[in-house]
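The figures that follow rest on heavy atoms only: side chains count, while hydrogens, waters and symmetry mates do not.
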Amino acid sequence: MKNKYKKILDIGLLVLCDFVAITVSCLLSLLIVNSKVNFCLELLYWYLLNLSIVYAFFILFRLYFIVFTSVGIIDTLKTVGATTFVFCANLLFSLFLDILNIRVCITYAILLGLFVLVTRFSKRFYVAVKYSFSRKSKDKVRAMIIGGGNAGTMLIREIQTTDKITYLPVCVIDDDPVKIGKSIYNVKIVGNTSEIPAYAEKYGIDEIIIAMPAAPKVEIKRVFDICEATKCKVKTLPGIYQIVNGDASVTALREVQISDLLGRDQISVNLDEIMGYIENRVVMVTGGGGSIGSELCRQIATHNPKQLIILDIYENNAYDIEQELKRRHPELNLIALIASIRDVGKMEDVFKKYSPDIVFNAAAHKHVPLMETSPNEAVKNNVFGTLNVARCADKFGSKVFVQISTDKAVNPTNIMGATKRICEMIIQTIGKHSKNTKFVAVRFGNVLGSNGSVIPLFEKQIAEGGPVTVTHKDIIRYFMTIPEAVSLVLQAGAYANGGQIFVLDMGEPVKIYDLAYNLIKLSGLEPNVDIEIKCTGLRPGEKLYEERLMDEEGMQKTPNGLISIANPIQLDEDFLWETLDKLKSAAYEESGEMKLLVAQLVTTYKPQI
């Protein structure tokens with residue numbers, strides 16, 4: 001209601017200003033041409049006629065529906081067009097009114113147009129004057145804008161026209177040599193990106209804003225690497241589509257994120273093309289409250305499942321995603337179940353009651369160091385929990401079963417990776433003989449932002465003043481964002497043919513030390529000066545690098561190009577089931593036999609007894 005009254009007030013103010021402009025223009029045009037004004041009935045007729053035609057043409061050209069802070073060339077052209085029509089109308093009036101001639105008509109149209117433009121541009125004049133004074137303020141954040149294109153131009157303009165100015169654009173950097181030396185709203189383009197450190201020092205820059213939302217991630221990373229030579233805080237502008245929609249503003253500036261620095265563009269999958277297998281199906285996600293599980297639920301919910309079942313042992317996570325989906329998709333047939341995949345009786349009850357067509361098994365213990373100290377729990381949950389869910393899917397006729405695996409299952413040296421490799425073996429073996437269900441496993445690396453990932457740990461350590469702990473300076477890992485991983489998991493489900501292991505393309509591996517270093521820089525601090533990076537040594541079972549494939553697997557591409565299929569390794573099925581029977585008993589005993597049994601199934605795992 002408040003905005004409605006403000007809109008009416010703005011229009012009323014313009015109407016009043018135009019009334020004054022019409023009156024003054026009429027009198028001045030007669031004075032300039034004739035040196036005096038004879039007040040007569042003809043003058044009153046002309047004045048009243050002009051009131052009518054000016055308001056009519058101004059309404060027609062929508063001159064009362066402008067935004068003062070964004071008035072520009074288009075509004076100027078509209079004003080010129082409207083006053084041109086007013087001039088033509090006055091020429092017509094001059095045929096009947098003796099006080100009018102062509103000189104009076106021209107003078108009147110020019111004066112009217114100038115007065116109208118002054119009123120329309122008054123807010124911008126005021127803000128420009130205010131901004132020029134604010135440049136002298138020491139409280140402003142001195143900013144360098146990287147990018148002299150549309151995004152940088154819009155950003156500078158908004159900074160200069162906003163009422164609450166917090167930034168002071170001091171200079172612009174752009175790699176286009178044609179632009180260097182020119183200015184954007186009186187802010188000079190001083191040089192190219194290689195000169196960022198020199199100009200940051202010369203102009204006393206506090207913050208650097210990367211205004212290149214359409215640039216590929218590899219270019220953003222290159223620019224950020226150059227910015228590292230300065231002590232400035234770095235921010236970036238959101239995607240260009242947000243700018244086009246008018247959503248991007250000074251307040252939309254965000255910190256450069258680690259995902260910006262992976263050196264590759266975000267993997268994009270058109271899920272609409274392949275999600276037909278989800279539509280009108282009952283879908284169950286185990287571990288549905290976790291990082292991967294909850295994102296699976298979000299994306300599944302947008303593709304019209306018949307029913308979505310969230311199953312998780314941790315009630316708080318399950319509750320959170322349940323409430324979120326209820327808000328976003330009130331029409332969704334949704335149920336959240338609190339249950340453990342270890343409980344075979346409960347799993348059979350769930351499958352019997354709900355008959356899920358598609359199962360995504362994301363429930364697992366994934367934390368490597370914790371599982372080293374609690375190996376029995378890794379076996380109970382990962383191995384036998386997966387076995388329970390997989391057998392139920394086969395028994396009760398699910399169509400597709402997707403197992404969430406990890407690159408740590410490749411030649412594993414820790415118990416967590418070994419249990420996930422056994423899960424893959426179980427999926428391949430059951431899938432080989434299943435008459436109803438297509439079983440597949442999906443392998444990918446570390447997920448940025450997931451529960452237990454290194455980024456939240458680093459952020460917490462930085463907030464506490466350090467040190468940031470890295471196990472080894474040369475340790476590398478593959479990384480994906482949560483939406484990337486989940487979209488490819490969903491696509492792998494569409495490709496399911498039975499017994500396959502899908503391997504997701506994760507780009508090039510990244511040094512954990514570099515992630516820690518960049519995160520400290522993003523916080524506006526100096527690595528190993530303000531915040532120490534401390535190498536603590538490899539943890540038990542931890543490798544310097546992860547692999548995507550075992551040597552004997554090989555790989556074949558799918559039509560997607562981002563998903564490959566690992567060729568299945570031949571297994572001794574009788575030995576697998578016999579060893580699993582022994583392992584189940586040993587998992588409930590605190591003895592070294594359990595690890596030895598795991599090692600019999602996964603030969604690269606060398607347990608410390």
Side-chain angles (χ1 to χ4, degrees), residues 5-133 153 157-158 160-161 163 182-186:
Y5 287 134
K6 186 178 183 305
K7 183 179 178 180
I8 294 172
L9 184 64
D10 287 345
I11 293 173
L13 184 61
L14 282 176
V15 170
L16 181 61
C17 288
D18 289 344
F19 176 80
V20 175
I22 295 166
T23 304
V24 173
S25 297
C26 282
L27 296 174
L28 281 180
S29 61
L30 290 172
L31 281 172
I32 291 170
V33 174
N34 300 322
S35 300
K36 64 179 180 177
V37 177
N38 294 316
F39 292 95
C40 61
L41 199 58
E42 274 197 350
L43 175 60
L44 179 61
Y45 289 154
W46 180 50
Y47 175 66
L48 293 175
L49 283 170
N50 266 284
L51 282 177
S52 303
I53 63 168
V54 169
Y55 285 130
F57 283 123
F58 281 16
I59 291 171
L60 184 65
F61 279 79
R62 298 187 63 80
L63 292 183
Y64 296 115
F65 303 96
I66 66 168
V67 179
F68 282 106
T69 54
S70 64
V71 64
I73 294 175
I74 299 298
D75 300 295
T76 302
L77 292 175
K78 286 181 178 180
T79 303
V80 171
T83 51
T84 300
F85 275 93
V86 170
F87 167 73
C88 293
N90 275 286
L91 280 181
L92 183 62
F93 298 156
S94 67
L95 299 175
F96 308 101
L97 299 173
D98 293 336
I99 63 170
L100 290 184
N101 57 48
I102 191 168
R103 291 173 59 201
V104 172
C105 293
I106 292 173
T107 305
Y108 171 71
I110 292 172
L111 290 172
L112 179 64
L114 289 174
F115 284 135
V116 170
L117 286 175
V118 167
T119 58
R120 267 59 176 180
F121 277 87
S122 59
K123 181 67 180 268
R124 286 195 61 182
F125 291 152
Y126 166 75
V127 172
V129 171
K130 182 180 176 183
Y131 176 74
S132 65
F133 282 107
T153 301
R157 178 178 172 182
E158 183 161 358
Q160 294 181 351
T161 55
D163 289 332
K182 298 180 180 179
S183 295
I184 300 173
Y185 294 115
N186 208 31

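Within a 6.0 Å sphere centred on CZ of Phe85, heavy atoms belonging to other residues, nucleotides or ligands number 12 at most.
With contacts defined as side-chain heavy-atom distances shorter than 4.5 Å, the pair Val86/Tyr108 qualifies. Side-chain contact check for Ile53 versus Phe93: some heavy-atom pair is nearer than 4.5 Å. Proximity of Leu43 to Leu30: side-chain heavy atoms (C-beta onward) are separated by under 4.5 Å at one or more points.
Going from atom CG of Leu49 over to atom CG of Leu44 covers 9.5 Å, rounded to the nearest 0.5 Å. Rounding to the nearest 0.5 Å places CZ of Arg120 at 4.0 Å from CG of Asp18. Here CG of Asn90 is found 11.0 Å from CG of Asn101. Values are rounded to the nearest 0.5 Å. Between atom OG1 of residue Thr153 and atom OH of residue Tyr185 there is a gap of 7.0 Å, rounded to the nearest 0.5 Å. With rounding to the nearest 0.5 angstrom, the OH atom of Tyr45 is 14.5 Å from the CZ atom of Phe96. Once rounded to the nearest 0.5 Å, the distance linking SG of Cys40 with CD1 of Ile99 reads 5.5 Å.
When every heavy atom of Ile11 is checked against every heavy atom of Tyr64, the shortest pair comes out as CG1-O, 3.4 Å. Heavy atoms only, all atoms of each residue included: Ser25 and Ala21 are closest at OG-O, 2.6 Å. Scanning all heavy atoms of the two residues, the minimum distance from Trp46 to Asn50 falls at NE1-ND2, 2.6 Å.
In terms of the side-chain contact (heavy atoms from CB on, under 4.5 Å) criterion, residue partners of Ile102 (sequence neighbours excluded) are, by chain and number, Leu91, Ile106. Applying the side chain to side chain donor-acceptor pair (under 3.5 Å) criterion to Ser183, with sequence neighbours excluded, gives no partner residue.
Each of Thr119, Thr83, Thr79 was evaluated against Leu63; a single residue qualifies, Thr79, per the side chain to side chain contact (heavy atoms under 4.5 Å, CB included) test.
Under the 30°/60° scheme for interplanar angles, the aromatic rings of Phe19 and Tyr47 are found to stand perpendicular.
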Verify side chain to side chain contact (heavy atoms under 4.5 Å, CB included) between Val54 and Val116, making sure each step is shown before the conclusion. CA-CA 11 Å; Val54 169; Val116 170; over 6 Å; no
